[in-house]
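Labels below follow one simple rule: chain letters A, B, ... track the order of the sequence lines, proteins then strands, and each chain is numbered from 1. Predicted, not measured: the structure shown is a model, and the values here were computed from it.
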Amino acid sequence: MDQAAAVAIHRDLTRPVLETGRGFYMTLAALGTVMAWALFCWGYQVYHGLGVTGFNRPVFWGVYIANFIFWIGISHAGTLISAILRVTQAGWRRPITRCAEAITVLALMIGPMFILIDLGRSWLFYWVLPYPSERGLWPNFRSPLLWDVSCITTYLIGSLTYLYLPMIPDLALLRDSTPCRRWLYRTLALGWKGTPRQWHRLETAISVMAVLIIPIAVSVHTVVSWIFAMTLNPMWHSTIFAPYFVVGAIFSGIAILLLAMSILRKSARLEMYLRPVHFNNVGLLLLALSLIWLYFTIAEYVTTWYGDLPEEMAVFRYKLAGPLAPYFWGMVACCFLIPAPVLAFKKTRTIAGTTAAAALVVVGMWLERYVIVVGTLTHPRLAFNWRDYAPTWVELSIMAGAFAYFAFLYVLFTKLFPIISVWEWKAGLPSASPPRPSPGATLSHEPLPR
Amino acid sequence: MTRARRHLMYGWMTALATLGSVAVWHSRGKPLEQPIAFSHRVHVVQNKIDCAYCHEHFRRYAVAGTPSVELCVTCHSGLRTSNSEAKKLFTFWEKRHEIPWVRLHQLPDHVVFTHKRHVRAGIACETCHGTIGQSDSFVREVDHSMGKCVDCHEQRGASIECWTCHK
Amino acid sequence: MPQWGMVIDLDRCTGCNACVAACHAENNLPIAGEEEAAKGRSFHWIRIERYIEGEYPNLKTRFIPVLCQHCDEAPCEPVCPVFATYHSPQGLNVQVYNRCIGTRFCANACPYTVRHFNWFDPRWPEPLERQLNPEVSVRTKGMIEKCTFCIQRIRKAADLAKDEERPVGDGEVQPACAQSCPTDAIVFGDLSDPGSRVSKLASQRRAFRLQEDLGTQPRVIYLKEGSE
Amino acid sequence: MSPFPVRIIASFHDLPTVQQALADLEHQGIGRNQWELFSSQPVGVDENEKSFIARSALIGGILGAVGGGGLAAGTAVAMGLQTGGMPTVAYAPVGIIVFALGGLGAVIGTLISFFAEAGLARFPDPAEAEIGRRLSRGETVLSVSCQPHESPRVEKILKLRGAEVYLEA
């Protein structure tokens, strides 16, 4: 490989790690303020009880659970997409895999937080973990919430591993070349030396993980959907929910990945690395998912409408023509009507076009979660109990805090670690096809000077 | 292992041991101050008075009950005691005032417990109350932890269904 | 082992709400207050649902007292992650308040919407806080609660019967709602005893159960209103 | 104590040159056990040496699945509480836990065997700081251990291939 090119890549990709501008601190301060306010709101809620939210009977869940599903969905950005691209050996994946995997790990730190916030007695959350206690009490594995605990734990550990493994050579690189935070990189690089054996084992481990993480990711959103589908409630008790949620998750994941790419491109000056072709390709993926999402949505709603069961139709009408109609039609507009044409034409599938479409999809998918959770709960089977729901300032503040927290963590991540894999990018250069044969053993012998 | 590392480890071990002993000491509890320095030992061991004589409700009710000042006086009026503590009893008696005994055991609100059922099942007082009958002081000896209850219920084949004990 | 059940004769129910009040007094139900009740946070372990049929002036109002149905195949039970709700051998669907962590999953899973959540710590206007029942715990914020079939009364009757070495007799246990019903519409007893009053009523042809098609096997059996 | 007292470290600009140098060394009787290669880029290795990672993932997965099944079924039996008319051990939930914890076991198995095989998570050798610096500049580093009398010859071969050589005792 060209030495100069390697040096340039190294410089470009580690620049965001090394150079810290005023914008960085201002961003962190702004996000930190929102987070502090949200933290105060959460404290307020724990102190007074969940009554400070807009929940009531029968709407026992609301914005919090909608956010839980939304963030777990976002977490499908990374690992799943990057795993699929790796397994299919798509060459254009190189600049976006780590960016996506980081989204996964960070979103997985946000999502389960909402379950904690949603608990009536948050301080007892550890009762859902299986551990021996003097009471001899264990959690109930029949509960879909325990399935979630198990699957999300697995997914979090799996995606952390999957983020970490390809990062080791870059951590070693930073350990050896940066003047700052060396202790961090030395600890995390674990003594990586770059011997052929290590490289080979790394590639094996990454490919094993890529295969493992796909079924794990699918299982996570499957069990998230089963929280709803396992109940008898109208328009929750649906067999389509598991694949519908998985598709929605990948859909919103790709959208947030596009947004992250677009922001990073500008803020970290990575125009040379995140090129229009990447936006084009990810945009096409987004288009495909938009169509699949539409198909699932139609399948879900048309069967309900045709079946015309009174309990289900109550929810159906509330969503499509009742107070939730703005949310529902907003979702349709944001998930399909606007982004699909934008993504379908080459002329609009530009960086700006895909970014705008992605932003809409993120909003649309949040609306979808909200409509699913609230729509059904407002209309339980016994009509005497029907009631509306509106979130209060506490819920909205905590939700804003979660978004700020995610952005905060992401900014911090890009500050600490190169967001584009340096070694993978170098390995992807055309001149750098690594020679595969065993060194020393198979090369021809030239006459040697004595 | 480096020197610093070893020191750090010793530090951790000391901290853990300290924490552990503090926890043990704390759970043993301190003796309670009562309005009269009453001694169970004098009554139960020396004078061979049955628990039921003073804690008279335990066969029939949920609570065992503390004796009324009247009950104390029944015996003590016949005794020529020069004990200063026993004299305090008569000041309460003369004022027709119950002795404000400090309660030793208080189960949480969510627990159902009746002395009656346990006594009728043949459980001796000492099984839970330990050696308080031989003691001069008031130490909280009863283990109120759920594990203790469940273990005993399991051993004796009593119900361990949640609603047996929780309300 | 008795299998507790309840029969509610809708023909006799006048919708007077005596059962609701009695239940409040017996089971330490907090008073939500006007403002909270308007938000849908009232507490009534038993509630009288009103359904109005017809157009003015030809109206007919129907009442159904709805309480926890103590389903044999209760949808609320398996979803609890911490076993705070489960099925007792006597057929009661029980809620262990102090084990509840407040996921509210059970409340969402219940097709009868009879579970209540403590949004705040309980409050009683003066002097109602002085008439709390010591045999029923006071639930704190963040817990789910619901009708227990007045389990404290069942427990008391069973305790007495055990002392006297006999089974609990029919009619010996009366939940507060049944006791206070002026028209005797609510009958409680052992469904496994064919001679009990509740069994006899339940075997009438008028008997039906709420949302029977869901397969939840409720323990509360309603008797249809007579159609003249 | 290594039988080779002298260690020569040389850095090259690219991998093909290193391979030529290695061929030269082998011709001179310096075998596989005497050199070590460090690269900032993926390099191939002898494929005869099979990795255990995939099998370790499988073993971890099986252990996790068995553990998960045991945990879910064991809990149900130990608690013995009936819920929703379900059997004590309900198969569908157990299956889900088996799947989730099987996945967890496989991930952990992969991670552990990767660390073990790649020789990671060990205290680094201080000489590697210099190697690391050179790697971070995009160079490829070759470290050759040899007897003192061989060292001039080795050094010469390496230099002829364009390496920057520095000696280390």
**Message:** Please determine whether side chain to side chain contact (heavy atoms under 4.5 Å, CB included) holds for the pair A:Ile216 and D:Val107, giving the CA-CA distance in whole Å, both sets of side-chain angles, and the decisive distance to 0.1 Å.
**Reply:** CA-CA 10 Å; A:Ile216 292 175; D:Val107 168; 4.0 Å; yes

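- Across all their heavy atoms, D:Leu111 and A:Thr161 have their closest contact at CD1-CG2, 3.2 Å.
- The part of A:Leu165 that comes within reach of chain D is its side chain, from C-beta onward, which places non-hydrogen atoms under 4.5 angstrom from that chain.
- In this structure, the side chain of A:Trp199 engages the main chain of D:Ser39 through a donor-acceptor pair within 3.5 Å.
- Both the backbone and the side chain of D:Leu71 come within contact range of chain A, each with at least one heavy atom under 4.5 Å from a heavy atom of that chain.
- A donor-acceptor contact shorter than 3.5 Å links the side chain of A:Thr154 to the backbone of D:Ala100.
- Of the two parts of A:Leu212, only the side chain, counted from C-beta on, holds a non-hydrogen atom closer than 4.5 Å to a non-hydrogen atom of chain D.
- For a residue to count as touching a neighbouring chain, one of its non-hydrogen atoms must lie under 4.5 Å from one of that chain's; by this rule A:Val223 touches chain D with the side chain only.
- Among D:Val94, D:Thr88, D:Ile108, the residue making the largest number of heavy-atom pairs under 4.5 Å with chain A is D:Thr88.
- Between chain D and the options A:Ser143, A:Gly158, A:Ala205, heavy-atom pairs under 4.5 Å are most frequent for A:Ala205.
- Using a 4.5 Å cut-off between heavy atoms, D:Ala57 contacts chain A through its side chain alone, with no backbone atom that close.
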**Message:** Apply side chain to side chain contact (heavy atoms under 4.5 Å, CB included) to residues D:Phe114 and A:Ile168 and explain how you reach the verdict.
**Reply:** CA-CA 12 Å; D:Phe114 165 66; A:Ile168 293 176; 3.8 Å; yes

